[in-house]
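Report on the following structure.
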Amino acid sequence: MKKFLITGALALSTALCAPAVIAFGGPDASPSEATQSALGIGHNFEPLRDAAERSGRTLGVAYAPHLASSDSQYRSIAEREFSIITAENAMKWDATEPQRGQFRWTEADAVVQFAQDNDAEVYGHTLVWHSQLPQWAANLTDPAELRTVMVDHINSVAGRYAGDIAAWDVVNEAFEDNGSRRQSVFQRVLGDGYIEEAFRAARAADPEAKLCINDYSTDWINAKSTAIYDLVKDFKERNVPIDCVGFQSHLIVGQVPTNFQQNLQRFVDLGVDVRITELDIRMSTPPSAANLATQAQDYRKVFQACWNVDGCTGVTLWGITDSYSWIPQVFPGQGAALPWNDDYSTKAALGELAEVIGAQHVSDPDPDPTDPTDPTDPTDPPGDALCAVVPQVNAWNTGYTANLTIRNTGSVAINGWELTIGLPEGHQLTQGWSAEFSQSGNDIVASNAAWNATISPGNSVGIGFNATYQGTSADLGPFTLNGIACDES
Ligand code: G3I
């Protein structure tokens, strides 16, 4: 209960304004949903992969086996939410063939095993890339030798997992931003034809896998994406095997290309699938509320661009939690790019993407009682609050003005709301603003006005009312939003 004290005529007293927490699970949420939403992993959606599957798409994640071993929450979320798994590093050249002809499969095998154990697909990343390429290969200068080495590598890696891989990034990051070829060892020593050679070798090694070319900064229609477009067009015209194009989409907050969907569509029109392969949206850290709100809309836009394009097979997030993201290492002072915070509470971005893909609210998002992330586990510490009400009360001897801030601290937009405010005996509403007010017994009910019906995650609305009262002290509350009792802890 929020208390305010009246100490005499015209005494001005401010309510103790510790936020009252309203558990909220969206306008249709039941009380049990709301309670559960405030715990555990911090969202109350069905497994996101299930929603993606209904539209024939997959939701993917970059996955690191060592993190799944050391962090059970990372593992649980990877298991629950994603239907296609990309090895963040385990299938790269330096991981699989650190010495010429000497292959290490432990980590890559673990990725495939994890996917199969969880009825997920595997997205192969990556066969030919200038980065994370061991020195012994990067130093080769003889074309015949490098060609043999490249084809042997493709045969060995793609061959080992033939039949287990949905799609391979056969060649990664082959272009510069200006559309010219990147001067990698492959380009310098083998010339323009190396990409075609790599794709032909990959098809031979695993005839079932879709074969993709993948790159970053290609989300806009620009010189780089157009260079890839021209390559795909040429391959298609000459029957060189190519099935898909990956758009990494390592984006900066507020900078989602306005023509992203159009860009995806022009590739699909060439007869290939497209995919957002490495999505994250970074910002300066610590993140501001404004940037997090913009980021949420950015996630919405990226998912919507894909979901609007037949032939976009889905989106892969480049990680789960900010804790392990590659970004701060490469861009110091940047991060907060993923839908899960360091502590696995969810950002507003998660609610936005869940809404785009049509994820349903469920009463228990994780019903396994042995699972440490089970939100029904009473020993779990509370996660993010989903909604808060902060009352500020200016009182005099016979009346008071109450201003209430209702904040959506969850990850789902509140669309239409009704706030019930409990009152002590003897209080009488006289006037209200910024909502429709009525009184029934000891409750005031405030319903949204047309202009403030929607409270986006992270946003607030302010309302207020005047009332008269009798007595010398009073409690204001409890508060309930859309029928859900406030948690005032
Ligand atoms: O494995 C070594 C470990 O033995 C050593 O102790 C440690 C010391 O720093 O480094 C470890 O290697 C790191 C490796 O990740 C595995 O964790 C490298 O330093 C680190 O540079 C490497 O970063 C990866 C990066 O690719 C390398 O280019 C990131 O995890 C990975 O997320 C990132 O992913 C790339 C995609 O493959 C392609 N597109 C861009 C994307 C982001 O850069």
Side-chain angles (χ1 to χ4, degrees), residues 60-71 74 78 82 84-99 102-111 114 122-138 153 157-158 165 167-177 182 184-186 195 198 212-219 224-225 228 244-253 255 274-283 302 315-340 342:
V61 69
Y63 172 84
H66 71 279
L67 296 178
S69 300
S70 62
D71 181 342
Y74 175 96
F82 302 103
I84 189 162
I85 306 296
T86 303
E88 184 173 4
N89 288 298
M91 289 186 176
K92 292 172 181 175
W93 198 313
D94 65 349
T96 52
E97 194 184 4
Q99 304 296 329
Q102 293 178 18
F103 291 89
R104 285 192 317 206
W105 303 116
T106 312
E107 291 278 289
D109 283 357
V111 174
F114 175 83
V122 181
Y123 188 95
H125 177 78
T126 173
L127 295 172
V128 179
W129 186 27
H130 70 279
S131 182
Q132 287 175 285
L133 181 67
Q135 276 307 316
W136 68 264
H153 183 77
V157 180
I165 305 289
W168 268 110
D169 285 336
V170 178
V171 175
N172 194 40
E173 301 175 5
F175 289 87
E176 299 285 359
D177 286 355
R182 179 190 292 277
S184 67
V185 65
F186 304 105
I195 298 182
C212 315
I213 188 162
N214 189 52
D215 218 319
Y216 62 89
S217 298
T218 50
D219 321 296
K224 193 175 192 178
S225 63
I228 296 175
C244 35
V245 177
F247 298 78
Q248 294 186 8
S249 303
H250 294 293
L251 298 174
I252 297 170
V253 69
Q255 297 184 21
V274 293
R275 181 172 190 88
I276 314 300
T277 51
E278 305 183 13
L279 180 62
D280 47 32
I281 304 179
R282 64 182 180 268
M283 62 185 72
V302 173
V315 175
T316 292
L317 305 178
W318 205 244
I320 296 173
T321 160
D322 297 332
S323 289
Y324 308 126
S325 169
W326 64 285
I327 290 171
Q329 260 193 323
V330 176
F331 299 105
Q334 301 276 303
L338 291 164
W340 279 268
D342 287 342

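Predicted model only: the values in this text are computed from it and were never measured. Every number for a ligand or one of its atoms is a count from 1 in the order of the listing. Values below: every heavy atom of this structure, side chains too, minus hydrogens, waters and symmetry copies.
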Taking [X] for its side chain and [Y] for its backbone only, find out whether a donor-acceptor pair lies under 3.5 Å.
X	Y	result
Asp342	Ser323	yes
Lys224	Tyr216	yes
Arg182	Glu173	yes

Between [X] and [Y], is any pair of side-chain heavy atoms under 4.5 Å apart?
X	Y	result
His250	Trp326	yes
Asp71	Tyr324	yes
Phe103	Glu97	yes

By number and element, which atoms of ligand 1 are closer than 4.0 Å to a non-hydrogen atom of [X]?
X	answer
Gln132	25 (C), 26 (O), 27 (C), 28 (O)
Asn172	38 (C)
Ser131	28 (O)
Glu173	38 (C), 39 (N), 40 (C)

Among all protein heavy atoms, pick out the one at the shortest distance from [atom]; state its residue, atom name and that distance to 0.1 Å.
atom	result
atom 21 (O) of ligand 1	Gln329 OE1, 4.7 Å
atom 15 (O) of ligand 1	Asn89 ND2, 3.6 Å
atom 34 (O) of ligand 1	Trp318 NE1, 3.2 Å
atom 40 (C) of ligand 1	Glu278 OE1, 3.2 Å
atom 32 (O) of ligand 1	Glu88 OE2, 2.4 Å
atom 43 (O) of ligand 1	Trp326 CE3, 3.4 Å

Mutual orientation of the aromatic rings belonging to [X] and [Y] [parallel < 30°, tilted 30-60°, perpendicular > 60°]:
X	Y	answer
His153	Trp93	parallel
Tyr63	Phe114	parallel
His125	Trp129	tilted

Picking from Asp215, Thr86, Thr126, what satisfies side-chain contact (heavy atoms from CB on, under 4.5 Å) with Asp169?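 With Asp169 as partner, side-chain contact (heavy atoms from CB on, under 4.5 Å) holds for just one option, Thr126.
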Measuring to protein heavy atoms, does anything land under 4.0 Å from [atom]?
atom	answer
atom 26 (O) of ligand 1	yes
atom 4 (O) of ligand 1	no
atom 1 (O) of ligand 1	no
atom 10 (O) of ligand 1	no
atom 37 (O) of ligand 1	yes
atom 13 (C) of ligand 1	no

Report yes or no: do Gln248 and Asn172 form a side-chain donor-acceptor pair below 3.5 Å?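 A pair is found: one side chain offers a donor N or O, the other an acceptor, under 3.5 Å apart.
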With respect to atom 33 (C) of ligand 1, which of Gln248, Lys92, His125, Met91 exhibits the smallest heavy-atom separation?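 Answer by nearest heavy atom: Lys92.
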Using side chain to side chain contact (heavy atoms under 4.5 Å, CB included), reason through Ile327 and Trp318 one step at a time and then give a plain yes or no. CA-CA 10 Å; Ile327 290 171; Trp318 205 244; over 6 Å; no
Is the closest N or O pair between Trp129 and ligand 1 shorter than 3.5 Å?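 By distance alone, the answer is no.
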Looking only at heavy atoms, is any part of Tyr216 under 4.0 Å from ligand 1, and if so is it the side chain, the backbone, or both, or is it neither?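 The answer is neither; Tyr216 stays 4.0 Å or more away.
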